[in-house]
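These notes are about the structure you will find just below.
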Amino acid sequence: MAAAVPLPLPVMLLVAVAVMLVGAGAGAAGVRGGRQRQQQLRMGFYDKSCPAAERIVGDYVRLHVRRVPTVAPALLRTHYHDCFVRGCDGSILLNSTAAGAAEKDAPPNLTLRGFDLIDRVKGLVEEACPGVVSCADVLALAARDAVAAIGGPSWRVPTGRRDGTVSTMQEAVRELPSPSMTFPQLVALFAGKGLDVRDLVWLSGAHTIGIAHCSSFADRLYSYPSAGNGTGTVPPLDAAYAANLRQRKCRMGGRDAAVEMDPGSFLTFDLGYYHTVLKHRALFRSDAALVTDAAARADIAGVVSSPPEVFFQVFARSMARLGAVEVKTGSQGEIRKHCAVVNS
Ligand code: HEM
């Protein structure tokens with residue numbers, strides 16, 4: 001599948017600026033796990049072994065996103081959580097076993113959705129070509145197609161990922177960023193995955209779609225930076241907005257109430273998230289933390305004053321990098337038959 005949509009000339013020029021914004025070295029640098037592994041992923045990996053694979057995934061995802069658009073943010077987040085723990089190897093899709101709790105059951109993953117959809121798509125792909133297409137690839141393709149289906153960017157998804165056989169709750173707890181992290185903590189965590197500061201800034205833009213539960217940002221509603229929690233440099237949530245959430249949504253629905261992260265356009269992939277960040281209305285400390293860094297703040301200001309296509313381009317580029325994090329290829333791992341269980 002081609003990368004982002006073709007752009008008119010003036011926008012192309014802006015995109016050229018955007019590419020400078022993302023930093024000259026970003027695309028050339030290999031993600032952790034090595035340049036060699038990344039090169040083994042390739043566009044059209046299944047062209048001969050399962051030519052229908054990408055069409056089956058795309059058709060099914062588009063059909064379901066049309067019916068239930070909230071599937072799009074769900075799949076995007078699941079793909080990202082997969083890539084951050086043991087690389088993009090489908091380990092997020094495995095169920096816990098008698099031997100131990102899997103990533104799926106780690107607290108940050110309890111709000112993930114879309115596992116059943118992935119299992120169904122994989123079932124269809126298995127019918128067409130048994131034992132050929134990995135769950136990790138199905139998830140990476142599904143996330144891309146779901147975001148495109150709600151009018152968001154599309155990006156290159158080279159394939160050939162193999163599925164991992166290990167999935168532990170503890171690793172997910174350790175590896176996934178927490179919404180209360182500071183900028184330096186987030187930068188360090190992303191760097192550990194071979195992703196740079198710009199990737200952090202642009203990938204956080206995924207929060208332009210989807211919802212968060214009040215429990216995920218309760219710390220910002222009921223306590224303040226001055227309380228001595230070590231995050232004093234992160235600007236607090238806009239006072240009026242915080243009061244509104246406290247008194248309405250998060251009060252009536254409690255910790256389980258869901259709040260749109262980009263209110264009013266939470267299913268439209270647009271610049272709304274960055275506007276909320278600049279207005280101190282982004283829900284998590286980790287979002288607010290982006291403007292505590294002068295360079296990140298300048299990048300955000302640049303993108304916000306450009307057409308949305310610029311954001312699409314930089315986001316697409318960082319998604320392609322995220323999708324290559326520590327992938328297993330060649331003879332590593334396996335091609336799972338069912339995404340929720342390892343092959344026997
Ligand atoms: C930078 C560190 C990040 C942190 C701390 C973070 C944290 C969170 C949290 C706490 C939620 C809400 C969960 C809930 O209450 O239901 C959320 C939602 C979401 N995140 Fe992130 N996230 C980060 C980066 C990313 C990235 C890199 C992506 C994708 C590229 C992403 C995509 C999403 C999406 C799409 C949702 C909405 C999911 C839905 O509607 O079900 N996040 N994130």
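Excluded from the calculations below are hydrogen atoms, water molecules and symmetry mates; all remaining heavy atoms, backbone and side chain alike, are included. Each ligand, and each atom within it, is numbered from 1 in the order the structure gives. Predicted, not measured: the structure shown is a model, and the values here were computed from it.
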Practice task
Indicate yes or no for a side-chain donor-acceptor contact from Arg161 to the backbone of Pro158 under 3.5 Å, with no hydrogens or angles considered.
Solution key: yes
Practice task
Could you tell me if any non-hydrogen atom of His79 lies under 4.0 Å from any atom of ligand 1?
Solution key: no
Handout entry: Structural part of Ser286 in contact with ligand 1, heavy atom criterion under 4.0 angstrom
Key = side chain
Fill in the blank from the handout: Looking at Ala206, Gly210, Ala212, Ser204, the heavy atom closest to atom 32 (C) of ligand 1 belongs to Ala206
Exercise for the section: Any chance you could lay out the salt bridge (charged side-chain N to carboxylate O under 4.0 Å, His left out) test for Lys337 and Glu126, step after step, and finish with the verdict? Expected result: CA-CA 7 Å; Lys337 290 191 182 61; Glu126 279 294 296; over 6 Å; no
Exercise for the section: Examine the side chains of Asp89 and Ser91 and answer whether a donor and an acceptor come within less than 3.5 Å of each other. Expected result: yes
Problem - Within one Ile-Leu-Val-Met-Phe-Trp-Tyr cluster: Met169 and Leu189, side-chain cutoff 4.5 Å - result: no
Handout entry: Proximity of Met319 to ligand 1 by residue part, where a heavy atom lies under 4.0 Å
Key = side chain
Exercise for the section: Can you measure from CD1 (Ile209) to CZ (Phe266) and round to the nearest 0.5 angstrom? Expected result: 10.0 Å
Exercise for the section: Using heavy-atom distances, let me know which of Arg255, Met261, Arg77, His213 sits nearest atom 13 (C) of ligand 1. Expected result: Arg77
Problem - For ligand 1, the portion of Arg113 having any non-hydrogen atom under 4.0 Å away - result: side chain
Handout entry: Protein heavy atom at shortest distance from atom 15 (O) of ligand 1
Key = Ser216 OG, 2.5 Å
Problem - Ring center gap for Phe84 and Phe190 short of 6.0 angstrom - result: yes
Practice task
Please confirm whether the backbone N or O of Thr168 pairs with a side-chain atom of Arg86, one donor and one acceptor, at under 3.5 Å?
Solution key: no
Exercise for the section: Tell me which one of His81, His207, Gln185, Arg285 gets a heavy atom nearest to atom 20 (N) of ligand 1. Expected result: His207
Problem - Sidechain-backbone polar pair: Thr276 side chain, Tyr273 backbone, donor-acceptor under 3.5 Å - result: yes
Problem - For atom 25 (C) of ligand 1, closest protein heavy-atom neighbour - result: Tyr80 CE2, 3.2 Å
Practice task
Flag Ile211 as yes when one of its N or O atoms lies below 3.5 Å from any N or O atom of ligand 1, and as no otherwise.
Solution key: yes
Exercise for the section: Looking only at protein heavy atoms, identify the closest one to atom 35 (C) of ligand 1 and say how far it is in Å. Expected result: Pro73 O, 3.3 Å
Problem - ligand 1 versus Phe190: contacting region, heavy-atom distance under 4.0 Å - result: side chain
Handout entry: Pro179 and ligand 1 - part of the residue with a heavy-atom distance under 4.0 Å
Key = both
Fill in the blank from the handout: Contact region, Ser178 to ligand 1, non-hydrogen atoms below 4.0 Å, reads backbone
Handout entry: Side chains of Ser180 and Asp219, donor plus acceptor under 3.5 Å
Key = no
Exercise for the section: Would you kindly confirm whether Tyr60 and Val132 end up in one hydrophobic cluster when ILVMFWY residues are joined by side chain heavy atoms under 4.5 Å apart? Expected result: yes
Fill in the blank from the handout: atom 11 (C) of ligand 1 sits nearest the protein heavy atom Phe284 CZ, 3.4 Å
Fill in the blank from the handout: Going by the 4.0 angstrom heavy-atom rule, the piece of Leu200 near ligand 1 is side chain
